[in-house]
Structures are given as C-alpha cells and as structure tokens.
Amino acid sequence: MELKSVDAALLQKAVLAAAKGLEAKKEWINELNVFPVPDGDTGTNMTMTIMAAAREVAAIENPTMESIAKALSSGSLRGARGNSGVILSQLFRGFTKEIKESNEITVTSLANAFTRATETAYKAVMKPKEGTILTVAKGMAEKAVDLATQTDDVIEFLTQVIEEGDYVLSQTPEMLPVLKQAGVVDSGGQGLMQVMKGGLDGLLGRGIPFDAVAPAAANTESAKPKVAAGSDELSTSDIKYGYCTEFIVNVEKTYDMDEEQKFKGYLESIGDCVVVVSDDDIIKVHVHTNHPGLAFEKGLTYGSLSRMKIDNMREEHHERLIQNASNVAQTPETPAEAKKEEAPASNEPRKPYGFIAVSIGKGLGEIFKGIGADYLIEGGQTMNPSTEDMLNAIEKVNADVIYILPNNKNIILAAEQAKSLVEDKKIFVVPSKTVPQGIAALINFLPDLSPEENLENMTSEMGRIHTGQITYAVRNTNIDGMEIHEGDIMGIGDSGMLAVGQNVNETVLETLKHLVDDESELISVYSGEDVTEEDAAALVEKVQAAFPNCEVELNDGGQPIYYYLLSVE
C-alpha cells in the first residue's frame with residue numbers, strides 16, 4: 001500500500017488505533033519497570049493519558065486537522081498521569097502544533113512534527129535523561145528528517161521510522177546501567193513504540209477498533225444504590241466507604257465462574273455495594289471502597305482496564321448539604337446568620353495560602369489534614385493522579401497561593417503541568433518524592449515568609465529527611481548488586497535498593513542501618529493497611545532497641561502496597 005498524504009479522517013483513525021495499540025500492551029509495558037515492586041504503572045499511566053485524548057478525538061463527528069489537534073493536545077495534557085504520561089502528552093502537544101493548520105500531512109510535515117514533538121518534550125523535563133522515552137523519540141525524529149528527502153510514501157516512511165525507534169529502544173540498557181542490570185528496556189520508550197505501531201496499523205486499516213468496548217458503555221447508574229428521600233440528613237460519617245468506583249475489565253486472562261466469585265469476594269473484602277457483571281470478554285465493575293487503587297489492581301490481574309471512574313461520595317454528600325442549606329437560607333424564615341454560616345466556601349474571601357497533598361491511606365490522610373492540608377488527592381504508587389485531578393483540586397482550594405505536595409517522584413511532572421495551566425492562582429510545586437518528605441515540608445511552612453522563600457525553606461527542610469519503603473518483589477531481578485526473587489521483602493531508599501530479606505521486621509532494621517547516622521534523632525514508622533497494631537508495636541520495640549539514641553514514633557499510615565514507610569531525621 002502506498003500513501004502520499006494523510007487527511008483529517010485518516011488521522012483520526014490513526015490516533016484511535018494508536019490508543020488501542022498501547023492499551024493492548026499495557027500490562028506487558030508495566031512489567032518492564034526496573035524495580036520489581038507491585039506498582040508497575042508506566043503502561044497504565046501512558047494508556048490512561050492517550051485514552052483521555054482518544055475519547056475527545058473519537059467524539060469529533062466531522063474531523064478537521066485543527067479539531068483533531070486541539071482534542072489530542074488538550075485531552076492528553078489534562079489526562080496525563082505519571083512522568084511517562086506527561087512526556088507523552090508533551091510529545092502530542094508539539095506534534096499537534098506543527099500539523100494543526102495543515103489540510104493534509106505529508107512525510108515532510110510528519111518529519112517536522114516529530115522534531116517539534118521531541119523538542120517540546122525535552123523542554124518539559126527539567127533534567128532530561130538519555131536512555132528513556134525521550135531518547136527513543138529523538139532517535140525517530142532524527143531518522144524522520146533524514147527519510148523525508150528519500151521518500152514521499154507515508155507508509156514506507158513510518159515503517160522505517162518505527163524500525164529506527166525499535167533499534168534505539170534496544171540500546172537503552174546501554175545508556176542506563178539500571179536497565180541493563182534489570183535486563184529490561186525503557187518502559188516509557190516501549191510504550192511510545194506501541195503508540196507508533198498502533199498508529200501505523202490505523203493508517204493501514206488493521207488497527208484495533210476503538211469502539212471494541214462500546215457495549216460496555218451501558219449506563220451503570222442502575223448499579224448504584226438509590227438514595228431514599230430525606231437521606232441528606234445523614235452525616236458523612238455514615239458513609240463507611242467513601243469512593244464510588246466503577247471500571248471495565250477487558251478480559252485477557254483466565255476468567256471463569258470460580259474466578260468471578262473470587263473477584264467478587266475480594267471486592268467485598270475492601271468495600272460494599274459490589275456489582276460485577278460479566279459479558280463475554282468484558283467485566284463491568286461497581287464497588288464502594290476507601291481504596292479504589294486496590295480494586296483497579298485486582299481488576300488488572302484479569303486484563304486491561306477502561307472507563308475508570310471514581311466519585312468521592314463524602315464530598316458530593318457534603319456539597320449537597322451545603323447547597324440545601326444555602327437554598328433554605330434564602331427563605332424568609334432563615335436567620336441571616338445561618339445563611340452566612342452555610343454559604344459555600346467559594347463565596348468567602350480567599351485565604352492567602354492553601355495546600356494540596358497527594359496521599360493514599362486513611363492514616364496518612366488524617367496526618368496531612370492535621371498539619372494543614374486543605375485538599376487530599378487520593379493517589380500514589382498504584383494510582384498516579386492526572387493533571388486534570390490536580391486542576392480540579394486547585395479549583396476547590398480557595399487561596400491565592402497554593403502549594404502542591406506530590407509525595408511521589410512520578411507525580412511531580414503532572415503537578416508542574418497543572419501549574420502551567422492555571423492563571424488565576426499562584427501555584428508552587430514542592431518536589432516531595434515521598435510521603436515523609438511531604439509531611440516534613442508542610443510542617444515547615446512559615447506564614448511570615450514570602451511564597452518563594454517558603455518553597456525554598458520547605459524544599460530544604462524535606463531534604464534532611466531520609467526515607468525508606470518496605471514492600472515485596474513481584475518478579476526476579478538483580479538491582480544494585482542484589483539478587484532479588486519474587487516474594488522477597490525489599491527495603492527501598494531515596495537512591496535505590498537498600499535491603500533484601502525474607503522477613504519484614506529484619507528488612508526494616510537492615511534498611512534503617514543505611515538511613516540512620518550519628519546525627520539522627522527521630523525515626524518515624526508508618527504502618528500499612530495490612531499490618532496489625534500488635535505487629536507494628538512489636539517492630540517499634542525492636543527498632544528502639546536497635547537504635548537507642550533515637551526517638552521512635554509509630555503512626556498508622558494505612559497505606560496499601562507498602563508494609564511500612566520509614567522516615568529518619
């Protein structure tokens with residue numbers, strides 16, 4: 001097949017096929033993560049990013065190059081999750097800037113678009129690292145410029161560009177020793193290659209149809225419990241499980257009646273109002289839970305996810321109460337004082353400062369609220385919040401200056417991207433890479449300092465914190481000279497693997513040996529949701545005995561995935 005140019009209708013097909021091509025390989029990409037922790041999320045983040053864009057592109061009935069460019073750029077920017085998702089969105093942003101005013105795309109305009117995409121993505125990353133998705137994008141852009149003078153066939157052009165991308169990807173372990181140690185190529189680069197290959201399939205008319213899951217789009221409202229009249233009189237404390245979580249599993253692994261019962265049983269163990277409906281190769285899921293990420297993780301064991309939706313029922317309930325109170329306040333019988341007291345916060349004067357923290361786990365959430373966080377975004381390792389989530393949080397915090405605490409290195413770029421999209425508030429992203437760093441930063445906020453001075457002070461103070469994370473390995477690998485087997489307990493520090501063992505408590509103590517020095521005064525231990533109070537208390541006794549010169553404090557973190565989070569200062 002020979003193709004001299006691509007019009008808007010064909011580009012729309014290519015974008016949708018690219019999204020499905022990435023989604024089909026999502027789990028495979030997740031497994032390429034260097035650290036064998038149960039949070040492989042590169043494939044998930046990139047898929048959710050491109051799917052946010054693809055839904056907007058799919059909704060265009062009479063596509064033009066300009067309308068597709070706008071949908072692709074806007075959808076991916078706001079839907080971007082994780083570092084890989086943000087970089088992918090920036091690649092789309094640069095690409096669309098080049099093609100939006102064209103009537104058709106040729107190999108020349110493609111070469112220019114690939115070059116601009118790469119330049120835009122590199123500029124978005126403060127310290128670009130070679131051996132990553134950026135390197136793969138750059139390699140393809142350079143090849144595209146070279147090929148543009150040799151052929152005018154779009155199919156031949158893209159085929160050779162993709163071959164070059166695969167070659168550059170294969171060389172990423174030579175550029176990043178950590179990839180070579182783990183025996184994997186860069187996961188973000190692999191994701192980008194699936195986007196490219198899916199897009200080419202779309203141009204050839206053989207891509208996976210984007211509406212392949214259309215039957216699953218049936219309204220799931222019936223799955224939600226009906227609200228009885230007068231239920232607004234309930235308090236939010238009556239809502240045991242706060243997040244209405246819905247998603248669809250596109251079945252890719254064994255799923256029979258026994259597995260369905262196991263799936264339902266698991267969902268009932270973490271929530272209520274469980275509805276699981278199986279329809280051929282699609283599972284529709286509805287559950288009320290305090291940990292949506294756990295429901296998603298379980299769903300991922302059966303296949304890829306789509307149509308993910310989370311509603312904070314406590315927040316919605318609270319807003320309804322405020323609205324009802326406001327409506328009542330407008331009646332002649334209501335005193336003026338009551339009207340003022342129940343008025344929505346948005347009608348009140350802005351505060352000078354506000355704080356948004358990303359956190360997962362009831363205990364950690366309470367800690368952040370207790371030290372001044374105005375708004376919590378549910379998320380972390382298993383569920384990186386999107387740029388859109390950040391923007392929604394910013395909108396709800398009524399303050400002139402807002403500090404965002406990402407508390408995860410894979411969320412910082414999404415926060416920075418949200419910052420760039422806000423005009424009516426001054427946003428500062430505190431580069432906290434762990435929850436303990438975020439806690440330390442917020443505690444050290446000083447209202448008498450200027451916003452810029454506070455950012456510097458908070459960043460400096462959190463830099464004194466040494467953190468450790470205790471979890472388990474999901475596969476065999478070798479990192480930092482340590483041989484790791486599936487099921488091993490790992491202690492991961494700020495700069496890499498610190499300890500590997502068979503016992504949680506012993507691994508904690510070994511990890512702390514790398515974190516504690518002669519200047520250390522305080523060890524904070526945050527227990528996970530699967531750790532009992534007795535086990536946590538026993539661990540603290542051992543830690544205190546091992547490090548008698550430090551004060552040891554125990555906090556109920558409630559975080560999933562990690563048995564313990566450790567903080568030393």
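In this chain, residues are counted from 1 in sequence order.
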Close side-chain approach of [X] and [Y], heavy atoms under 4.5 Å:
X      : Y      : value
Leu455 : Val430 : yes
Lys425 : Ile394 : yes
Leu364 : Leu565 : yes
Ser187 : Asn30  : no
Ile162 : Met193 : yes
Val86  : Glu416 : no
Ile248 : Val285 : no
Glu101 : Met65  : no

For this session: Using the six-membered ring wherever Trp is involved, compare the ring planes of Phe355 and Phe445 and label them parallel, tilted or perpendicular (cut-offs 30° and 60°).
Result: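 Ring orientation of Phe355 relative to Phe445: perpendicular.
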- Query: Aromatic rings Tyr255 and Tyr302: how do their planes relate, parallel, tilted or perpendicular, breaks at 30° and 60°?
  - Reply: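 Rings of Tyr255 and Tyr302: perpendicular, as their planes differ by over 60°.
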For [X] versus [Y], what's the shortest heavy-atom pair and its separation?
X      : Y      : value
Ala440 : Met462 : CB-CA, 4.2 Å
Ala148 : Phe157 : N-CE1, 4.1 Å
Lys253 : Thr301 : CD-O, 3.2 Å
Ala399 : Tyr353 : CB-C, 3.5 Å

- Item | All salt bridge (Lys or Arg N to Asp or Glu O under 4.0 Å) counterparts of Asp389, not counting sequence neighbours |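 Result, salt bridge (Lys or Arg N to Asp or Glu O under 4.0 Å) vs Asp389: Arg81.
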Separation between OH of Tyr243 and CD of Glu378, rounded to the nearest 0.5 Å: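 Tyr243 OH to Glu378 CD: 4.0 Å, rounded to 0.5 Å.
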* **Straight-line distance of Leu442 CG to Glu461 CD, nearest 0.5 Å** =>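 Nearest 0.5 Å value for the CG-CD distance: 13.0 Å.
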Is it true that Asn457 and Glu453 share a donor-acceptor pair across their side chains at a distance under 3.5 Å?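 Absent: no donor and acceptor within the cut-off.
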- Query: Judged by modelled atom types alone, do Ser304 and Glu252 share a side-chain donor-acceptor pair under 3.5 Å?
  - Reply: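 Yes - a donor-acceptor pair under 3.5 Å links their side chains.
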Sequence neighbours left out, cut at 3.5 Å: what donor-acceptor pairs do the side chains of residues 122-131 make with other protein atoms?
| unit_1 | atom_1 | unit_2 | atom_2 | d |
| --- | --- | --- | --- | --- |
| Tyr122 | OH | Glu130 | OE1 | 3.2 |
| Tyr122 | OH | Glu130 | OE2 | 3.0 |
| Glu130 | OE1 | Thr135 | OG1 | 2.5 |

Is there a donor-acceptor contact under 3.5 Å from the side chain of [X] to the main chain of [Y]?
X      : Y      : answer
Asn476 : Glu486 : yes
Asn250 : Gly303 : no
Glu98  : Ser109 : no
Ser89  : Leu77  : no
Ser67  : Pro63  : no
Thr172 : Asp186 : yes
Asn410 : Gly82  : no
Asp494 : His466 : no
Ser102 : Ile105 : no
Thr459 : Glu456 : no

Heavy atoms from other residues, nucleotides or ligands near [atom1] of [X] exceed 12 (cutoff 6.0 Å):
X      : atom1 : result
Asn103 : CG    : no
Gln160 : CD    : yes
Lys197 : NZ    : yes

Discussion item. Go through it in stages, so that I can follow the logic: the residues are Ile99 and Leu11, the test is side-chain contact (heavy atoms from CB on, under 4.5 Å), and I'd like the CA-CA distance, side-chain angles, deciding distance and then a yes or no.
Written reply: CA-CA 11 Å; Ile99 60 99; Leu11 177 61; 4.1 Å; yes
Check: Name the one of Thr118, Val161, Val145 that satisfies side chain to side chain contact (heavy atoms under 4.5 Å, CB included) with Met140?
Finding: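 It is Val161, the one option of Thr118, Val161, Val145 that forms the side chain to side chain contact (heavy atoms under 4.5 Å, CB included) with Met140.
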Full working for side-chain contact (heavy atoms from CB on, under 4.5 Å) between Met390 and Ile411: CA-CA 10 Å; Met390 299 283 182; Ile411 300 175; 3.3 Å; yes
Salt bridge between Glu23 and Lys26, side-chain N to carboxylate O under 4.0 Å?
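Result for this pair is no, no salt bridge flagged.
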Would Gln469 and Thr434 satisfy side chain to side chain donor-acceptor pair (under 3.5 Å), going step by step from the backbone distance to the final call? CA-CA 9 Å; Gln469 301 166 321; Thr434 64; 5.9 Å; no
Review point. Would Lys143 and Glu163 count as a side-chain contact (heavy atoms from CB on, under 4.5 Å) if you check the C-alpha gap in whole Å, the side-chain angles of each, and the deciding distance to 0.1 Å?
Key: CA-CA 10 Å; Lys143 183 67 173 180; Glu163 288 177 357; over 6 Å; no
